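Because the structure is a prediction, the values reported are computed rather than measured. Computation of the quantities below employed the complete heavy-atom set of this structure, encompassing side-chain atoms and omitting hydrogens, waters and symmetry-equivalent molecules.
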2 protein chains.
Amino acid sequence: MATPLKKHDVFQAIADPTRRQLLHVLAEQEMPITQISNRFPMSRTAISKHLRVLEEAGLVQNRRVGREKRYRMQAEPLLELKRWLSFYERFWDNKLVALQRFVEDGQE
Amino acid sequence: MATPLKKHDVFQAIADPTRRQLLHVLAEQEMPITQISNRFPMSRTAISKHLRVLEEAGLVQNRRVGREKRYRMQAEPLLELKRWLSFYERFWDNKLVALQRFVEDGQE
DNA sequence: GCAACATGAAACCAAATGGTTTCATGTTCA
DNA sequence: TGAACATGAAACCATTTGGTTTCATGTTGC
């Protein structure tokens, strides 16, 4: 059990604007897919595919309730994004970076 | 002057692992493309395309120095990501979310 | 001036992506 | 039981993506 080998990761999952909207909607409340797709200008099948991508990234879960399947957001995988971002925090609004560039620009 | 209509945004730009590596490399120091592509297992042309995507997203800048063009990271656009992420902070490690789910699960 | 170097641009390609439509399957409840 | 509903799966399609190779252009410095 070495590589996770998930087909889609968090970075890919949130790259698409429709999927970001989906995430936003499912953050507030769980919802069956038919109800979800009423809010989007595309077919239920298209939404279904987007949901699968989000699921593969761990950003969405579902549970069966009667004949419907309710989807909800799962926020934890976003922590990976947060961690990735934290590396770059020192690069914005940072005096050291300005200094570094000043030095580089003076090199020739 | 309505829509920015940039072909690539930050979310797309960081979706690709190669581009994330590029960003990481160019965060530490500026570098001409030939030197950059020596660090990657693909052609200089491929790197060139990735750099263009990063540039369109505003994540990379360049300046001419003699016959070479040195690339460097520009971190500011990542703030959009940070802002986007901040909306979801209340969803991880949050008692309220647990309560919400408890209520939902009890509904039938 | 010109060889060597650094880069850009174009044509091409396979695979992935984001949609569609159509059909199949399972569930509910009157 | 069977009609209506909720979903999933499959086939298909156009465009985008991520790579290649080949060729063109501009710059440097002996």
Side-chain angles (χ1 to χ4, degrees), chain A residues 3-26 29-57 59-73 104 107-108, chain B residues 4-26 29-57 59-72 104 107-108:
Chain A
T3 39
L5 256 184
K6 273 183 300 183
K7 203 176 166 194
H8 292 101
D9 63 13
V10 178
F11 293 92
Q12 286 173 265
I14 66 162
D16 183 89
T18 300
R19 285 196 292 270
R20 288 199 297 279
Q21 278 188 258
L22 277 171
L23 219 54
H24 200 279
V25 167
L26 296 178
Q29 53 177 319
E30 64 171 16
M31 220 179 283
I33 193 171
T34 308
Q35 189 179 340
I36 299 172
S37 52
N38 285 339
R39 304 190 173 201
F40 289 82
M42 66 188 71
S43 71
R44 176 181 49 83
T45 318
I47 297 295
S48 179
K49 289 186 182 178
H50 281 304
L51 285 176
R52 189 182 317 279
V53 173
L54 289 169
E55 276 179 338
E56 280 174 9
L59 284 166
V60 153
Q61 285 185 336
N62 66 73
R63 63 181 182 119
R64 303 226 48 128
V65 176
R67 61 181 161 183
E68 60 187 27
K69 207 168 178 178
R70 297 195 189 152
Y71 290 87
R72 68 158 53 128
M73 185 193 66
E104 284 174 353
Q107 267 176 350
E108 83 291 320
Chain B
L5 255 186
K6 275 184 298 184
K7 203 176 166 194
H8 293 101
D9 62 14
V10 178
F11 293 93
Q12 286 174 263
I14 66 162
D16 184 88
T18 299
R19 284 196 292 270
R20 288 199 298 278
Q21 277 187 259
L22 277 170
L23 219 54
H24 200 278
V25 167
L26 297 178
Q29 53 178 320
E30 65 172 16
M31 219 179 284
I33 193 171
T34 308
Q35 189 179 340
I36 299 172
S37 51
N38 285 338
R39 306 190 172 198
F40 289 83
M42 65 188 72
S43 72
R44 176 181 50 82
T45 318
I47 297 295
S48 179
K49 289 186 184 179
H50 281 303
L51 285 176
R52 188 181 317 280
V53 173
L54 289 169
E55 277 180 337
E56 280 174 9
L59 284 165
V60 152
Q61 284 185 336
N62 66 74
R63 63 185 181 118
R64 302 225 51 126
V65 176
R67 62 180 160 183
E68 61 186 27
K69 207 168 179 178
R70 298 196 188 151
Y71 291 87
R72 69 158 54 127
E104 284 174 354
Q107 267 178 351
E108 84 290 322

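- With hydrogens and angles disregarded, a donor-acceptor distance shorter than 3.5 Å links the side chain of R20(B) to the backbone of I14(B).
- Atom pair R19(A):CZ and dT17(C):P shows a separation of 8 Å (rounding to whole Å applied).
- Closest of all the heavy-atom pairs between A13(B) and V53(B) is CA-CG1, 4.2 Å.
- Comparing T45(A) and G66(A) against DNA chain C, the residue whose closest nucleotide sits nearer the 5' end is T45(A).
- Computed from coordinates, the R44(A) CZ to dG19(C) P distance equals 16 Å when rounded to whole Å.
- Of all nucleotides in DNA chain D having an atom under 4.0 Å from a heavy atom of chain B, the first and last in 5' to 3' order are dT17(D) to dT28(D).
- Each of R64(A) and T34(B) has a nearest nucleotide on DNA chain C; the 5'-most of these lies closest to T34(B).
- Between Q12(A) and R19(A), the closest heavy-atom pair is O-NH2, 3.2 Å.
- Contacts of F40(B) with the nucleic acid, taken as non-hydrogen atoms under 4.0 Å apart, are absent.
- Rounded to an integer number of Å, the gap from L54(A) CG to dT17(C) P is 13 Å.
- Atom pair E56(A):CD and dG18(C):P shows a separation of 12 Å (rounding to whole Å applied).
- Shown here are the side-chain contact (heavy atoms from CB on, under 4.5 Å) partners of Q35(A), two or more places apart in sequence or in another chain: M31(A), P32(A).
- Computed from coordinates, the I47(A) CD1 to dG18(C) P distance equals 12 Å when rounded to whole Å.
- Looking at R72(B), its side chain never comes within 3.5 Å of a backbone N or O of Q61(B) through a donor-acceptor pair.
- Between R39(B) and Q21(B) there is no side-chain heavy-atom pair separated by less than 4.5 Å.
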